[in-house]
Amino acid sequence: MTRTSVGPSATRSMENNRAQLYISRLRVGTDGDGVRTLVSFTGCPLDCKWCINKELRRETPDGKSYTPQELVDELRRDHWYFICTQGGVTFSGGEPLLRSAFIKEFCQLCDSDWRIDIETCLNVPRANLEEVLPFVSTFIVDIKDTDPTIYSRYTGKGVNDVMAALDYLRDTGIGEYGCSVFVRVPLIPEFNTPEDVERSVETIRERYGDDFCMDRFEYVKDKTALPEPDGRRVCRVLKAIRKGLIK
């Protein structure tokens, strides 16, 4: 993706653009290709009943405040992991697109070889999506369900804006900027059925053909039941290789 440099006045303005973030490093196989660093924002427009990141719906004392430049500096320690594995940074949350200005400024400052992915519900204003689109390699979209009644009952919001955003990603994101879109369709306990999941998958396929990659998965109510992703063994191997090359 094309990165645009920023001048001194723009850099000064970034000092006022701070966000509370949670950073999880050396992740493999869960948040995009290669070794990933997951950066999670607080704040979300939805009220999902089985949300496993409820602590990220609002700012808490446990998070750390960063400017875009401070985040770039923090993540440079992972630079060679990103380069060696074609990995990068995945923004999540909460809903990261609520902080689209922060993400845009980060992308203008970071190394152009870092692949930027975003995990999103897409239920945000179109302007937020437009702001980050030139910089993002892959959008990982948790669609919840395409049925308006199920979606509203589970999230407290409407699904029409999400479908319109998917239209925009197909027409502009893929067509003009060459990004990828990965749509995940969940089985949600007490809210939809396996048949509902297949109906949502079929709805997406009929509307978008092969433009989007798709996956099915099952929500869990208890966050402790999730396996802990661990890329540290892979990164130790990469570090050893790098040291050998230096010698």
**OP:** Fit a plane to each ring of Y219 and Y154, take the angle between them on a 0 to 90° scale, and name the class: parallel (under 30°), tilted (30 to 60°) or perpendicular (over 60°).
**Re:** tilted
Subject >> Nearest heavy atoms of G63 and Q20, plus distance in Å >> reply: CA-CG, 3.6 Å
**OP:** Check whether any side-chain heavy atom of L75 lies under 4.5 Å from a side-chain heavy atom of C110, and answer yes or no.
**Re:** no
**OP:** Test Y168 against L133 for side-chain contact (heavy atoms from CB on, under 4.5 Å), laying out the working first.
**Re:** CA-CA 10 Å; Y168 178 72; L133 192 57; 3.6 Å; yes
Original post:
Considering only heavy atoms from C-beta outward, does the side chain of V39 approach that of Y66 to under 4.5 Å?
Top reply: no
Original post:
So, N123 side chain and G158 main chain: donor-acceptor pair closer than 3.5 Å or not?
Top reply: yes
Original post:
How many angstroms lie between atom NZ of K54 and atom NZ of K49, to the nearest 0.5 angstrom?
Top reply: 9.0 Å
Original post:
Do I204 and L166 touch side chain to side chain, with heavy atoms closer than 4.5 Å?
Top reply: yes
Subject >> Lys/Arg-Asp/Glu bridge criterion (N-O < 4.0 Å) met for D47, R57 >> reply: yes
Original post:
Which atoms form the tightest heavy-atom contact between F82 and V35, and what is the distance?
Top reply: CD2-O, 3.5 Å
Subject >> S200 and D145 side chains, donor-acceptor separation under 3.5 Å >> reply: yes
Subject >> Hphob cluster co-occupancy, L187 + V183, side-chain heavy atoms under 4.5 angstrom >> reply: yes
Original post:
If you take all heavy atoms of S100 and E131, which pair is closest and at what distance?
Top reply: OG-OE1, 2.7 Å
**OP:** Apply side-chain contact (heavy atoms from CB on, under 4.5 Å) to V141 and M214, showing your working.
**Re:** CA-CA 9 Å; V141 181; M214 299 194 65; over 6 Å; no
Original post:
When rounded to the nearest 0.5 angstrom, what is the spacing between OG1 in T67 and CZ in F106?
Top reply: 11.0 Å
**OP:** Determine yes or no for a side-chain-to-main-chain donor-acceptor pair under 3.5 angstrom, with N128 supplying the side chain and V124 the backbone.
**Re:** no
Original post:
Is there a donor-acceptor contact under 3.5 Å from the side chain of N192 to the main chain of P186?
Top reply: yes
Original post:
Can you tell me how far the NZ atom of K64 sits from the CD1 atom of I23, to the nearest 0.5 Å?
Top reply: 7.5 Å
Original post:
According to a 4.5 Å side-chain heavy-atom criterion applied to Ile, Leu, Val, Met, Phe, Trp and Tyr, with indirect links allowed, do L122 and I143 form part of one hydrophobic cluster?
Top reply: yes
**OP:** Please answer: with hydrophobic residues joined when any side-chain heavy atoms are less than 4.5 Å apart, are I140 and F212 in the same cluster?
**Re:** no
**OP:** Take atom NZ of K157 as the centre, draw a 6.0 Å sphere, and report whether it contains more than 12 heavy atoms from other residues, nucleotides or ligands.
**Re:** no
Subject >> CG on N53 to OH on Y22, rounded to 0.5 Å >> reply: 10.5 Å
Original post:
Hey, quick one: are L109 and L71 part of the same hydrophobic cluster, counting side-chain heavy atoms closer than 4.5 Å, chains of contacts allowed?
Top reply: yes
Subject >> Salt bridge present between R216 and E198 (N-O < 4.0 angstrom) >> reply: yes
Subject >> pair K144-L46: side-chain heavy atoms closer than 4.5 Å >> reply: yes
Subject >> I118 side chain reached by T138 side chain, heavy atoms, under 4.5 Å >> reply: no
Original post:
Is the distance between the ring centroids of Y177 and F135 less than 6.0 Å?
Top reply: no
Original post:
Would a 4.5 Å heavy-atom cut-off, applied to side chains only, mark L129 and L169 as touching?
Top reply: yes
**OP:** Would you indicate whether the side-chain heavy atoms of V181 and Y208 approach each other to under 4.5 Å?
**Re:** no
**OP:** Group every Ile, Leu, Val, Met, Phe, Trp and Tyr by side-chain heavy-atom contacts under 4.5 Å, then state whether F182 and V132 land in the same group.
**Re:** no
Original post:
Do other residues, nucleotides or ligands put more than 12 heavy atoms under 6.0 Å from Q86 CD?
Top reply: no
Original post:
Can the positive tip of R184 be found less than 6.0 Å from the middle of the six-membered ring of F217, inside 45° of the ring normal?
Top reply: yes
Original post:
Do the side chains of R207 and D167 get nearer than 4.5 Å, heavy atoms only?
Top reply: yes
Original post:
Backbone N or O of P148 within a donor-acceptor pair of the S152 side chain at under 3.5 Å?
Top reply: no
**OP:** Give me the ring orientation class for H79 and W114: parallel if the planes are under 30° apart, tilted from 30 to 60°, perpendicular past 60°.
**Re:** tilted
Original post:
Where is the tightest heavy-atom contact between A19 and F41, given as atom of each residue plus distance?
Top reply: CB-CE2, 3.8 Å
Subject >> Rounded distance [0.5 Å steps], OH in Y151 versus OG1 in T146 >> reply: 11.0 Å
Please tabulate, one pair per line, all N/O donor-acceptor pairs under 3.5 Å involving side-chain atoms of residues 89-99, not counting sequence neighbours.
{"from": "T90", "atom 1": "OG1", "to": "D31", "atom 2": "O", "distance (Å)": "2.6"}
{"from": "T90", "atom 1": "OG1", "to": "R36", "atom 2": "NE", "distance (Å)": "3.0"}
{"from": "T90", "atom 1": "OG1", "to": "R36", "atom 2": "NH2", "distance (Å)": "3.2"}
{"from": "S92", "atom 1": "OG", "to": "E119", "atom 2": "OE1", "distance (Å)": "2.9"}
{"from": "E95", "atom 1": "OE1", "to": "T120", "atom 2": "OG1", "distance (Å)": "3.2"}
{"from": "E95", "atom 1": "OE1", "to": "C121", "atom 2": "N", "distance (Å)": "2.9"}
{"from": "E95", "atom 1": "OE2", "to": "L97", "atom 2": "N", "distance (Å)": "2.9"}
{"from": "E95", "atom 1": "OE2", "to": "T120", "atom 2": "OG1", "distance (Å)": "2.9"}
{"from": "R99", "atom 1": "NH1", "to": "R18", "atom 2": "O", "distance (Å)": "3.2"}
{"from": "R99", "atom 1": "NH2", "to": "N17", "atom 2": "OD1", "distance (Å)": "2.9"}
{"from": "R99", "atom 1": "NH2", "to": "R18", "atom 2": "O", "distance (Å)": "2.8"}

Subject >> Reported OG-to-CG distance for the pair S180 and D117, which is rounded to 0.5 angstrom >> reply: 8.5 Å
Original post:
Got more than 12 heavy atoms from elsewhere within 6.0 Å of CZ, R58?
Top reply: no
Subject >> Which atom of L56 lies closest to which atom of S40, heavy atoms considered >> reply: CD1-CB, 3.8 Å
Subject >> Ionic contact status for D210 with R205, cut-off 4.0 Å >> reply: no
